> 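Handing you a structure now.
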Protein chains: 2
Amino acid sequence: MTNDYLSSTFAALADPTRRAILARLASGEAPVTELAKPFDMSMPAISKHLKVLERAGLIARSREAQWRPCRIEAGRLKEVAEWLEHYRRFWEASFDRLDDYLRELKTKDNPKEKKHVRKQSKN
Amino acid sequence: MTNDYLSSTFAALADPTRRAILARLASGEAPVTELAKPFDMSMPAISKHLKVLERAGLIARSREAQWRPCRIEAGRLKEVAEWLEHYRRFWEASFDRLDDYLRELKTKDNPKEKKHVRKQSKN
DNA sequence: TGGTTACATAACCTCTGGGTTAAATATACT
DNA sequence: AGTATATTTAACCCAGAGGTTATGTAACCA
């Protein structure tokens with residue numbers, strides 16, 4: 001499942017340095033040295049971050065002489081967006097409407113339940 | 001900045017158990033024992049996962065007798081969605097149009113550049 | 001050929017994350 | 001008061017993440 005990828009994608013995004021690198025790459029390809037400039041961090045550290053991003057499928061690296069330009073690879077970000085869509089109603093609906101939704105779900109599934117709804121196939 | 005929260009939110013979402021818990025909670029409040037049922041895992045492990053989700057602001061817990069019902073708290077998910085929006089064009093635009101975009105960005109910012117664009121204030 | 005630049009790999013350290021079992025706490029039930 | 005149920009806390013273990021310095025490799029330059 002796409003499930004497997006989600007864990008490594010989220011893990012990769014959980015680091016501010018890596019998110020900053022992605023933000024930089026959003027304005028175009030860049031070689032490693034340039035990506036490293038904003039950070040007070042050794043090159044190997046940056047290299048590791050890039051490897052994490054690459055393994056997570058968030059960036060791709062090519063070769064150009066002695067440079068290794070990096071660019072954003074958007075597929076996994078799209079998967080994250082799709083995963084998030086399942087929860088959109090939680091922040092878009094007004095709270096009242098959300099309550100309505102849950103109450104409806106509850107009574108439809110298990111009319112006698114009072115405390116909490118029972119497990120039901122998710123998603 | 002919202003930046004601080006993003007790291008803990010993404011970190012919380014990087015675990016499949018925790019995402020499954022969120023998926024379950026998407027269909028309504030549930031107490032801890034019920035959340036634990038699908039998993040071959042000790043209660044303290046679940047308890048820790050819930051604490052991570054709570055600290056990340058992804059769930060909230062209340063009290064009801066000896067139960068601690070959990071529910072989704074959508075604010076942080078919304079922040080993730082907003083963060084993602086900055087990258088939407090990367091998976092939505094056709095590749096040609098993306099190339100156009102980057103080329104335009106590049107020439108506008110630094111007309112003489114050939115290999116790669118220079119650093120520029122991000123986002 | 002030798003030096004410089006760009007980057008990766010190796011070896012190491014430390015801290016945290018995710019799991020365990022055992023014990024504590026809180027509420028309800030009789 | 002005494003037991004059962006629900007949940008958290010404590011103490012521990014181990015693997016992995018994120019950083020370091022030192023070293024290796026590859027391409028360009030003179």
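Each chain gets a letter, A, B and so on, in the order the sequences are listed, and its residues count up from 1. Keep in mind the model is a prediction, meaning the values are calculated, not measured.
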> Side chains of residues 47-61 of chain A: which donor-acceptor partners sit under 3.5 Å, not counting sequence neighbours?
{"unit_1": "His49(A)", "atom_1": "ND1", "unit_2": "Arg18(A)", "atom_2": "NH1", "d": "3.1"}
{"unit_1": "Glu54(A)", "atom_1": "OE1", "unit_2": "Arg61(A)", "atom_2": "NE", "d": "3.3"}
{"unit_1": "Glu54(A)", "atom_1": "OE1", "unit_2": "Arg61(A)", "atom_2": "NH2", "d": "2.6"}

> When you measure from the side chain of Ser42(B), which nucleotide among dT20(C), dT20(D), dA8(C) comes out closest?
dT20(C)

> Whole angstrom is fine here: how far is it from NZ in Lys37(B) over to P in dT5(D)?
14 Å

> Toward the 5' end of DNA chain D, which comes first, Ala14(A) or Ile46(B), by nearest nucleotide?
Ile46(B)

> Tell me: CE of Met41(A) to P of dC7(C), nearest whole Å?
16 Å

> How far apart are the C-alpha atoms of Arg71(B) and Ser62(B), what are their side-chain angles, what is the distance that settles it, and do they pass the side chain to side chain donor-acceptor pair (under 3.5 Å) test?
CA-CA 9 Å; Arg71(B) 65 173 197 280; Ser62(B) 44; 4.7 Å; no

> Side chain of Lys48(B): nearest nucleotide among dA8(C), dT9(D), dT20(C)?
dT20(C)

> Within less than 4.0 Å of OP1 or OP2 of dA26(C), is there a side-chain N or O belonging to Arg68(B)?
no

> Which nucleotide, dG19(C), dT7(D), dA8(C), lies nearest any side-chain atom of Pro44(A)?
dA8(C)

> Nearest whole angstrom, please: distance from the P of dT9(D) to the NZ of Lys51(B).
4 Å

> Could you run down nucleotides 24-30 of chain D 5' to 3' and tag each one B, S or - for protein heavy-atom contact under 4.0 Å?
---SS--

> Whether Arg61(B) contacts dT7(D) is assessed here as follows: a side-chain N or O lying under 4.0 Å from the phosphate OP1 or OP2. Is that the case?
no

> Round to a whole Å and report the spacing from CZ of Phe10(A) to P of dG18(C).
14 Å

> Which one, dT7(D), dT20(D), dT9(C), comes nearest to the side chain of Ser47(A)?
dT9(C)

> Rounded to whole Å, please give me the gap between CD1 in Ile59(B) and P in dT7(D).
12 Å

> Can you measure Arg18(A) atom CZ to dG18(D) atom C1' for me and round it to whole angstrom units?
8 Å

> Is Tyr87(A) reaching over with its side chain to a backbone N or O of Lys78(B), donor-acceptor style, under 3.5 angstrom?
no

> Does one side chain, of Ser8(B) or Arg76(B), offer a donor that lies under 3.5 Å from an acceptor on the other?
no

> Looking at Trp83(A) and Leu6(A), what are the two nearest heavy atoms and their distance?
CD1-CD1, 3.4 Å

> Using a strict threshold of under 4.0 Å (side-chain N to carboxylate O), is an ion pair present between Glu34(A) and Lys37(A)?
no

> Starting from C1' on dT8(D), measure out to CG on Leu50(B) and report it in whole angstrom.
11 Å

> If you assign each of Val32(B) and Asp40(A) to its closest nucleotide in DNA chain D, which residue comes earlier from the 5' end?
Val32(B)

> Short question: side chain of Ser7(B), backbone of Ala14(A) - any donor-acceptor pair under 3.5 Å?
yes

> Would you say a side-chain N or O of His49(A) is under 4.0 Å from OP1 or OP2 of dA17(D)?
no

> Would you kindly give the CZ-to-P distance between Phe39(A) and dC7(C), to the nearest whole Å?
15 Å

